[in-house]
Amino acid sequence: MALSISAPTSSPFLPAPRQVGRWSSSPSSAKPAVFSLRRPVVVARAAAGNAPSSPAGAVVTEFDVVSSFSEIVPDTVVFDDFEKFAPTAATVSSSLLLGIAGLPDTKFKSAIDTALVDGECNTMEKPGDRMSCYLTKALGNVGAELAHQVPGRVSTEIDARLAYNTQGIVQRVHELLQIYNEHDIPSERLLFKIPATWQGIEASRLLESEGTQTHLTFVYSFAQAAAAAQAGASVVQIFVGRIRDWAKNHSGDPEIDEALKKGEDAGLALVKKAYVYIHKNGYKTKLMAAAVRNKQDVFSLLGIDYIIAPLKILQSLDESVTYSDEKYGYVQRLTPSLDKMYNFSQEELVKWDQLSLAAAMGPAAEELLASGLEGYANQARRVEELFAKIWPPPNV
């Protein structure tokens, strides 16, 4: 069985034939961790936004060229491909737990079994509370095992059912921090993935003020991205392809309609606008593009902090040979200098609060956010239903 680990992922000093993307363990630098492609290729990496440093006329792959502008992060890595695509960081989620539960006995399966006999959880009278406790313990236990296996950071998904409960999110993160502490995993090795509702953004602000790094997901509007940056989120993730899909089948969203009138792709337009806003205002937030659907998306995003791309796109880039002085000169790359092209309105430069965020989010952001939350919540419920069936585990 192929078991997927989401791969938003640490130290740029790791010895690797090729560095694909890295989550830095430094609290002040939320960079993704390293994925190594197991072959001896030397990549000349230039600063993001600058031309590749390979000699003019040198033959390189498209992958080499794009990775000189942005950190490229594989979307998923499967256990079956550990030798070929060895992750150095990982994301722990409900879907990962479901996959682990279907595997033969492994250290990860044992981490789940240990969670299911946890004394604290067993004392809870309500079955629902008990299963939620097991879910939290299992996420922490599996995350700790992964942290012992990879040198980079482990990102832990926060239950989507808490998306509209600021204190609930903060409490859950604190519970997970305690579990990681019991396994001797320092907080700087951790990142917590939180839905970008207003309550999630507020939770990010509180957690970042404590020194806990957060990663806000399900960002589908400029208002969400700007509010997250103001809150001090370490990473903000925008889903380019999902926004494009919505735009193809719907209308009536002012933000998307404005981009389409300019002849722009709605998803790429949001990324560019958020990137300029973050850099123009000096926020520490790093911007990540996800739901990348093709190589042209990658070319259009060059210069952004991180690009999460499916393995099939990365393999295609890696198999395509080009010359370093050809093909890429015309690509518009995202750089801080783009701020000259944007004049943000007073409404966009406000100090965002719950009311202004709600007013600014159009139907696309509302629908896509709700859909994402429902999907993640369903995964969590599936895990709890599975735990209820197998509790207590036979092997502990």
Side-chain angles (χ1 to χ4, degrees), residues 1-11 14 16 21-25 32-36 73-74 76-122 131-159 172-193 212-213 215 379-380 382-384 386-387 390-396:
M1 174 181 177
L3 177 59
S4 295
I5 301 181
S6 297
T9 63
S10 132
S11 167
L14 290 173
R22 49 183 187 269
W23 288 118
S24 170
S25 60
V34 176
F35 280 76
S36 303
V73 184
T76 58
V77 174
V78 296
F79 279 172
D80 292 350
D81 289 338
F82 257 35
E83 290 302 315
K84 185 177 181 182
F85 298 106
T88 59
T91 293
V92 188
S93 64
S94 295
S95 60
L96 177 62
L97 297 183
L98 288 171
I100 291 173
L103 286 178
D105 289 341
T106 65
K107 63 183 65 179
F108 301 106
K109 182 74 172 295
S110 296
I112 293 179
D113 290 344
T114 301
L116 293 178
V117 293
D118 182 82
E120 179 184 354
C121 299
N122 289 341
M131 293 304 145
S132 178
C133 181
Y134 290 145
L135 172 59
T136 303
K137 295 287 185 179
L139 287 168
N141 288 353
V142 170
E145 285 293 342
L146 285 169
H148 289 306
Q149 299 297 315
V150 301
R153 291 195 295 181
V154 173
S155 179
T156 308
E157 180 184 292
I158 300 304
D159 194 332
R172 182 60 53 86
V173 170
H174 287 169
E175 291 169 356
L176 286 163
L177 283 169
Q178 178 60 36
I179 296 170
Y180 281 115
N181 183 60
E182 292 169 357
H183 288 278
D184 296 322
I185 308 300
S187 61
E188 58 266 23
R189 298 262 337 263
L190 305 172
L191 192 74
F192 296 94
K193 194 173 182 181
T212 300
Q213 298 173 94
H215 172 179
Q379 292 282 5
R382 286 182 59 196
V383 173
E384 292 176 353
L386 175 63
F387 285 178
I390 65 176
W391 180 84
N395 299 324
V396 179

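Along the sequence shown, residues are numbered consecutively beginning with 1. Keep in mind the model is a prediction, meaning the values are calculated, not measured.
- Looking at residues two or more places apart in sequence or on another chain, you find no side chain to side chain donor-acceptor pair (under 3.5 Å) involving Asn181.
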Audit row: Leu96, Thr91, side chain to side chain contact (heavy atoms under 4.5 Å, CB included) steps and yes/no: CA-CA 8 Å; Leu96 177 62; Thr91 293; over 6 Å; no
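- Residues passing the side chain to side chain contact (heavy atoms under 4.5 Å, CB included) test with Leu386, sequence neighbours excluded: Leu98, Ala101, Ile390.
- Contact record, Val383 with Ser94: CG2-O, 3.4 Å, taken as the closest heavy-atom pair.
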Stepwise side chain to side chain contact (heavy atoms under 4.5 Å, CB included) check, Leu139 with Ile179: CA-CA 9 Å; Leu139 287 168; Ile179 296 170; over 6 Å; no
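- Take Glu182 and apply the side chain to side chain contact (heavy atoms under 4.5 Å, CB included) test, not counting sequence neighbours, and it matches Gln178.
- Residues forming a salt bridge (charged side-chain N to carboxylate O under 4.0 Å, His left out) with Glu175 (at least two apart in sequence, or on another chain): Arg172.
- In plain terms, the two heavy atoms of Tyr180 and Ala144 that are nearest each other are CE2-N, 3.4 Å.
- The OG1 atom of Thr212 sits 10.5 Å away from atom CD of Glu188, with the distance rounded to the nearest 0.5 Å.
- Side chains of His148 and Ile185 form a contact here, defined as non-hydrogen atoms less than 4.5 Å apart.
- In this structure, Ser187 OG and Gln213 CD are separated by 8.0 Å, a value rounded to the nearest 0.5 Å.
- By the side chain to side chain donor-acceptor pair (under 3.5 Å) test, Asp159 pairs with Arg161, sequence neighbours left out.
- Taking each heavy atom of Leu135 and Ala380 in turn, the nearest pair found is CD2-CB, 4.1 Å.
- Here Lys193 contributes atom NZ and Ile158 contributes atom CD1; the two are 11.5 Å apart, rounded to the nearest 0.5 Å.
- When all heavy atoms of Glu157 and Ser93 are compared, the closest pair comes out as OE1-CB, 3.2 Å.
- Listed here is the closest heavy atom pair of Gly140 and Leu176: N-CD2, 3.9 Å.
- Among all heavy-atom pairs drawn from Phe108 and Leu146, the shortest one is CE2-CD2, 3.4 Å.
- The side chain to side chain donor-acceptor pair (under 3.5 Å) test applied to Glu145 returns no partner, not counting sequence neighbours.
- The side chain to side chain donor-acceptor pair (under 3.5 Å) test applied to His183 returns Asn141, not counting sequence neighbours.
- A distance of 12.0 Å separates CZ of Arg382 from CZ of Phe387, quoted to the nearest 0.5 Å.
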